[in-house]
Amino acid sequence: MLTLTGLVFIPVCVAAMTAGLRAQLATFGAGTVLTSAAVVNLASFGIQPAYFMGLLLLGVAGVLTLMRGGYCLDRAVLLRMAPLAVLLLSCLNALFWATAVFWDDVWVVSGRQMFDLSSAERYSFRSENLNQFAYLILNILLTLLLADRLVRLPAPALLKTAHTAVLGAFSVATLFVAWDWLAHSTGIYFPDAFLHSNAFYATAHEQAFGDIARISGPFSEPSALAYAYGGFLAYASGRYLADRTARALLMVLAAVGALVVSTSTTAYALLALWVVAMLVALPLSRLMGGGMPQGGRSRLAVAGLVLLAVAGAVGFVRTHQDDIQLIYERSIAGKTESSSFEDRTAADRMGYEAFETTWGMGIGLGSHRPSTLPSALLSNVGLAGTLAFVVFIGLCLRRFGDTAAWAQGGRALWPFRAFTLGFLAAHLVSSPNMNSPLLWLSLTLNLALSAYPGLSDPAVAGPASERSFPEPVAM
C-alpha cells in the first residue's frame, strides 16, 4: 500500500533521476535518514525511501547496460570491493553450518524481539536471515554502482557531489529534529505519519523522562538519532578542521545540539569521545596544515558563533538545572543499573557465546541482534566475515595514490574519513546493524575518493569520455 511518505518521496525520486548524479545522491542521502518510513508497505515489509531510490538507480543502470551491450566497471573500485565477496560467502557458510549442525546449541534474540531476553529461543532459520542478506546484496550493488559513477567525475565535481550527498542527509535530519523540538516546546504540528509510515517497524519515538520529551526527529528512537548524528558531527568536525569556516562550525554546533536534546546515553557517550578527539585533532590539524587562510570577516563570524554557543549553553544550564539533573540521573549516572542496560549487555554476551559455540563461523546474518556491531558481526558472519568487512572499510579509508587531484590536497578527504569513523564509533557503543544506509553511504563516498586516480596515474591522462558517465540519466 502506498504511504504518505511515498506520495511525497516518489515524485522527488523520479525528478532526481532526470537531473543528474548530484541530485540523485542528494535524494538518496535524504532517504537514508528516513529509516522509520516506507514509501510502500507490502505484504510483510516496507520499502524504505533510501532503498526505493537505490532500486531506481540500479534499475536505470541495468537498462542502460543492456542498451549498450555491456559496461566496464572501474578496476580500482572493483579491487577494493573484493573483500565483500568473502563477506557474502561467510554469510552463506554461517547459515549452512548453523542450520545443519549448531541449531540446537545456540540461543538467539531476533531483531523483532527488541532485546527481550524472556523471548530468547534456540536458533532457527527465519525470514530475517533472508531479509538481511538481501539488504547486504543491495548495499553492495549500490556501493559498486555509485562509487563507479563518482570515480569517473572530474575531481572538483566528485568532491562537490560527495558533499551534496552528506548535506542532503544532514539537512533533512536537522530540519525534522528542530521541528520535533519545537513541536514538543510549543505544541505545533509534527508529521509523525510521514516519518513513521513503515507498518512493520517497531518505533519508540514518543519517549519522555517525566515532563522532558526525548527528541528523535525523523528516527525511530533517540538512540537512532544519536547514531546518525555521531556521523554528522564527525563529518562537520572534519570539515571545520580542514577549512576553519563559520559554515562548518555552524554544522558542528547543530550536530552537538541534536545530540544533546536526544537525551540518549549513546549521544552523551559520543559527545564525550568527540571532546577527547577534538582536543587531539585541533593542534594536530594545525601541524598538518589544516585550515584555509581566513579573512577578518570569517574570523569574526567564527568567534561570534563560539560566543553565542557559550552564552546559549550557560543560559540553558542556569534555567533548566532540574531537567539536566533528571537527564543525568536517567541517561548517565543510573544507566548501568537500568534493565535496558542489563538486557543489551546480556544480548551482547549471547552474541559472543554464539561465536564461541560455532567455532568462529557464526550463525548467519540476521540470526541474532546484540547491542553493538562487533558482537553482531562475530556472531552473525563469523571471524572470516568480520575480517573481510574490516579490510573493506580499511581499503575505503586508505588512499594509496597522491592527493594532488584536489586543491586542498589530503585535507579535502578529512570530512569524509571522519564521517565513516563517526559511525564506527557509534557502532562500538550501540547500533548493531551493519546494513545501515548511512554507514554504506559513507563507505561509498570514501571508496570513490580512495579509488580516484592521482595526477601521476596514467588513467587521468586518458580522454574525458572514457571516464564519464552520461549526465543526466534519463528515465
Side-chain angles (χ1 to χ4, degrees), residues 54 58 61 71-98 129 131-152 162 231 351 354-355 358-367 370 372-401 413 416-428 431-454 457 459:
L58 290 171
Y71 183 75
C72 184
L73 293 166
D74 186 88
R75 182 172 178 270
V77 171
L78 281 174
L79 287 175
R80 283 170 170 79
M81 293 190 68
L84 295 180
V86 178
L87 174 60
L88 289 173
L89 290 174
S90 298
C91 291
L92 295 175
N93 179 70
L95 277 175
F96 172 78
W97 287 107
N129 295 119
N131 291 342
Q132 291 302 312
F133 190 69
Y135 276 127
L136 179 59
I137 292 176
L138 182 55
N139 283 324
I140 291 174
L141 291 176
L142 280 171
T143 297
L144 177 60
L145 169 66
L146 294 176
D148 179 78
R149 291 184 62 185
L150 283 167
V151 83
R152 297 171 188 274
F355 172 75
T358 58
W359 305 334
M361 289 188 288
I363 52 177
L365 196 60
S367 296
T372 58
L373 185 60
S375 178
L377 285 173
L378 290 171
S379 63
N380 284 287
V381 300
L383 181 60
T386 301
L387 291 176
F389 192 52
V390 170
V391 169
F392 169 65
I393 292 173
L395 292 174
C396 288
L397 297 178
R398 177 77 171 99
R399 180 173 171 80
F400 296 99
L413 309 184
F416 303 103
R417 299 315 197 222
F419 192 38
T420 295
L421 291 175
F423 290 127
L424 294 178
H427 277 300
L428 293 176
S431 188
N433 183 19
M434 71 170 295
N435 278 321
S436 162
L438 274 170
L439 175 64
W440 283 89
L441 172 63
S442 75
L443 292 173
T444 299
L445 300 179
N446 277 301
L447 174 60
L449 292 167
S450 294
Y452 197 83
D457 195 311

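These numbers come from a predicted model, not from an experiment.
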Identify the two heavy atoms, one from [X] and one from [Y], that lie closest to each other, and give their separation to 0.1 Å.
X: Pro432; Y: Ala376; value: O-CB, 3.5 Å
X: Pro83; Y: Val391; value: CG-CG1, 3.8 Å
X: Val381; Y: Cys91; value: CG1-SG, 3.5 Å
X: Leu377; Y: Met434; value: CD2-SD, 3.7 Å
X: Ser375; Y: Gly351; value: OG-CA, 3.6 Å
X: Phe423; Y: Phe419; value: CD1-O, 3.2 Å

Look at the side chain of [X] and the backbone N and O of [Y], then say whether any donor-acceptor pair between them is shorter than 3.5 Å.
X: Ser450; Y: Leu447; result: no
X: Asn129; Y: Leu365; result: yes
X: Asn380; Y: Ser367; result: yes

Can Tyr452 and Leu150 be said to form a side chain to side chain contact (heavy atoms under 4.5 Å, CB included), step by step? CA-CA 9 Å; Tyr452 197 83; Leu150 283 167; over 6 Å; no
Gap between atom [atom2] of [Y] and atom [atom1] of [X] - 0.5 Å precision:
X: Leu92; Y: Phe133; atom1: CG; atom2: CZ; answer: 4.0 Å
X: Leu146; Y: Leu445; atom1: CG; atom2: CG; answer: 8.5 Å
X: Thr358; Y: Trp97; atom1: OG1; atom2: CH2; answer: 12.0 Å
X: Thr143; Y: Leu441; atom1: OG1; atom2: CG; answer: 9.0 Å
X: Leu79; Y: Asp74; atom1: CG; atom2: CG; answer: 9.0 Å
X: His427; Y: Leu439; atom1: NE2; atom2: CG; answer: 4.5 Å

By ring pair (Phe, Tyr, Trp, His ring centres under 6.0 Å), which residues pair with Phe355, not counting sequence neighbours?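 Scan of Phe355 (ring pair (Phe, Tyr, Trp, His ring centres under 6.0 Å), adjacent residues dropped) gives none.
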Output, in order, the C-alpha distance, side-chain angles, deciding distance and verdict of side chain to side chain contact (heavy atoms under 4.5 Å, CB included) for Tyr71 and Asp148. CA-CA 11 Å; Tyr71 183 75; Asp148 179 78; 2.9 Å; yes
Which pairs with one or both residues in residues 79-88 pass side chain to side chain donor-acceptor pair (under 3.5 Å), sequence neighbours excluded?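 Listed once each, the pairs would be none.
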What verdict does the side chain to side chain contact (heavy atoms under 4.5 Å, CB included) test give for Leu421 and Leu397, after you've listed the backbone C-alpha separation in whole Å, the side-chain angles of each residue and the deciding distance to 0.1 Å? CA-CA 9 Å; Leu421 291 175; Leu397 297 178; 4.0 Å; yes
Would you say the side chain of Pro374 lies within less than 4.5 Å of the side chain of Leu428, judging by non-hydrogen atoms?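 Yes; the side chains approach each other to less than 4.5 Å.
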Pair up each side-chain donor or acceptor in residues 135-142 with any protein partner under 3.5 Å, not counting sequence neighbours, and list the distances.
unit_1 : atom_1 : unit_2 : atom_2 : d
Asn139 : OD1    : Tyr51  : OH     : 3.0
Asn139 : ND2    : Tyr51  : OH     : 3.2
Asn139 : ND2    : Tyr135 : O      : 3.1
Asn139 : ND2    : Asn435 : OD1    : 3.0

Could you point out which residue of Arg399, Arg398, Arg417 forms a side-chain hydrogen bond (donor to acceptor under 3.5 Å, both in side chains) with Asn446?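 Testing Asn446 for a side-chain hydrogen bond (donor to acceptor under 3.5 Å, both in side chains) against Arg399, Arg398, Arg417 leaves exactly one candidate, Arg417.
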